[in-house]
Undergrad: 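Below are the structure tokens for one structure; questions will follow.
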Amino acid sequence: METKIITLPKFEDPRGNLSFIEEENHIPFKIERTYWIYDVPGGQVRGGHAFKEQREFIVALSGSFDVVVDDGTSKQMFSLNRSYCGLYIPCGFWRQMENFSTNALAVVLSSTKFTKSDYIRDYTDFLDFRKEYEKQRI
Ligand code: TYD
């Protein structure tokens, strides 16, 4: 599955709405870890790296922010601002989170446990990684 917005189930109720996510059903991986980003000061940017293995699903549980996803050739921006929609990102994409609103809460479901060596933090290394990745896909 490519990078895409996935709309989650939503039970609308006068008492308040309810949404949920099931692993390997609404999202195409098993959840090994969940983390969240919050209290982001205005103008700050998070992310700015790629993962070799980690696949992820990002939801703006509260507030809004943008996720810029880069495959080494072109960039795509996704605005997240609904708690029943999330962005699925496969491994091998450079991604950055920016334009956080006040009180934004970003929850990230990850297919892997935290592994420092899975990060690609240098953009030139990322482009090399993409070259290899594209070669393997041919
Ligand atoms: P990082 O992923 O680098 O955040 P960002 O790319 O948004 O700046 O994580 C920041 C720090 O938190 C880094 O030192 C690693 C640590 N960390 C964990 O220990 N476990 C985790 O699950 C995550 C996501 C980060």
Side-chain angles (χ1 to χ4, degrees):
M1 191 190 282
E2 292 303 311
T3 301
K4 70 166 188 175
I5 295 281
I6 296 174
T7 302
L8 299 165
K10 180 184 182 192
F11 283 85
E12 290 192 34
D13 192 305
R15 298 171 300 158
N17 300 334
L18 182 152
S19 290
F20 60 94
I21 303 169
E22 289 174 358
E23 59 184 3
E24 294 186 311
N25 182 8
H26 305 106
I27 54 172
F29 59 84
K30 274 190 129 5
I31 301 164
E32 283 289 335
R33 177 168 50 112
T34 303
Y35 65 92
W36 47 99
I37 296 170
Y38 53 99
D39 290 348
V40 179
Q44 288 294 333
V45 171
R46 299 292 316 221
H49 49 66
F51 295 108
K52 294 176 207 159
E53 297 279 339
Q54 180 185 311
R55 296 181 286 153
E56 58 191 0
F57 185 66
I58 306 175
V59 184
L61 276 189
S62 168
S64 62
F65 53 85
D66 298 332
V67 187
V68 180
V69 183
D70 178 352
D71 65 3
T73 308
S74 61
K75 290 181 189 175
Q76 225 184 329
M77 193 188 73
F78 298 88
S79 292
L80 297 181
N81 54 16
R82 296 277 181 266
S83 47
Y84 57 89
C85 287
L87 179 65
Y88 170 69
I89 310 179
C91 58
F93 287 82
W94 188 270
R95 54 78 158 166
Q96 182 163 299
M97 299 159 79
E98 58 190 38
N99 198 21
F100 285 86
S101 69
T102 306
N103 288 334
L105 169 59
V107 69
V108 184
L109 309 181
S110 165
S111 67
T112 65
K113 295 210 164 47
F114 177 71
T115 317
K116 219 175 161 187
S117 58
D118 194 45
Y119 280 72
I120 306 171
R121 291 193 182 272
D122 181 89
Y123 195 76
T124 309
D125 292 346
F126 165 67
L127 293 178
D128 291 343
F129 178 87
R130 282 300 305 196
K131 265 187 223 144
E132 284 305 309
Y133 182 79
E134 298 296 340
K135 256 192 237 161
Q136 281 165 23
R137 291 217 305 190
I138 294 166

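Nothing here was measured: the structure is a model prediction, and the numbers come from that model. For ligands, and for the atoms within them, numbers begin at 1 and follow the listed sequence.
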Undergrad: With side chains defined as the heavy atoms from C-beta onward, is the minimum distance between Phe129 and Asp125 less than 4.5 Å?
TA: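 SC-SC contact between Phe129 and Asp125 ruled out.
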
Undergrad: Less than 4.5 Å apart, any side-chain heavy atom of Ile58 and any of Ile89?
TA: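 Ile58 reaches Ile89 side chain to side chain.
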
Undergrad: Which option wins on minimum heavy-atom distance to atom 20 (N) of ligand 1: Phe114, Trp36, Tyr119?
TA: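 The residue whose heavy atom sits nearest atom 20 (N) of ligand 1 is Phe114.
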
Undergrad: Tell me the protein heavy atom at minimum distance from atom 3 (O) of ligand 1, and give that distance in Å.
TA: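 The closest one turns out to be Arg121 NH2, 2.7 Å.
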
Undergrad: Which atoms from ligand 1 have a heavy atom of Tyr35 less than 4.0 Å away?
TA: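 Contacts of ligand 1 toward Tyr35, numbered from 1: 24 (C).
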
Undergrad: Among protein heavy atoms, which lies nearest atom 24 (C) of ligand 1, and at what distance?
TA: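 So the nearest neighbour among protein heavy atoms is Arg33 NH1, 3.4 Å.
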
Undergrad: If you draw a 6.0 Å radius around CD in Glu53, do more than 12 non-hydrogen atoms from other residues or ligands fall strictly inside?
TA: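 Counting other residues, nucleotides and ligands, CD of Glu53 stays at 12 neighbours or fewer.
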
Undergrad: Has Lys52 got a side-chain atom pairing as donor or acceptor with Ser117's backbone, closer than 3.5 angstrom?
TA: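 It does hold such a pair.
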
Undergrad: Please check atom 18 (C) of ligand 1 for a protein heavy-atom neighbour under 4.0 Å.
TA: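 Given the 4.0 Å limit, the answer for atom 18 (C) of ligand 1 is yes, a protein heavy atom qualifies.
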
Undergrad: Please report whether atom 14 (O) of ligand 1 has a protein non-hydrogen atom at a separation of less than 4.0 Å.
TA: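 Not a single protein heavy atom is under 4.0 Å away.
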
Undergrad: Checking a contact table here: which protein heavy atom is nearest atom 4 (O) of ligand 1, and how many Å away?
TA: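 I find the closest protein heavy atom is Arg46 NH2, 3.1 Å.
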
Undergrad: Any protein heavy atom under 4.0 Å from atom 1 (P) of ligand 1?
TA: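 Protein heavy atom within 4.0 Å of atom 1 (P) of ligand 1: present.
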
Undergrad: Is Glu32 salt-bridged to Lys30, going by a charged N under 4.0 Å from an acidic O?
TA: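 So Glu32 does not pair with Lys30 through a salt bridge.
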
Undergrad: Tell me which protein heavy atom sits closest to atom 6 (O) of ligand 1, plus the residue, atom name and distance to 0.1 Å.
TA: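 Result: His49 NE2, 2.7 Å.
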
Undergrad: Does Phe93 have Arg130 sitting over its ring (NZ/CZ under 6.0 Å from centre, angle to axis within 45°)?
TA: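 Judged by the rule, Arg130 and Phe93 form a cation-pi pair.
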
Undergrad: Out of curiosity, is Gly48 lining ligand 1, as in a heavy atom under 4.0 Å away?
TA: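 It does not, in that no heavy atom of Gly48 comes within the 4.0 Å cut-off of ligand 1.
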
Undergrad: If you take all heavy atoms of Ile31 and Glu23, which pair is closest and at what distance?
TA: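 Scanning both residues, the minimum pair turns out to be N-OE1, 2.9 Å.
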
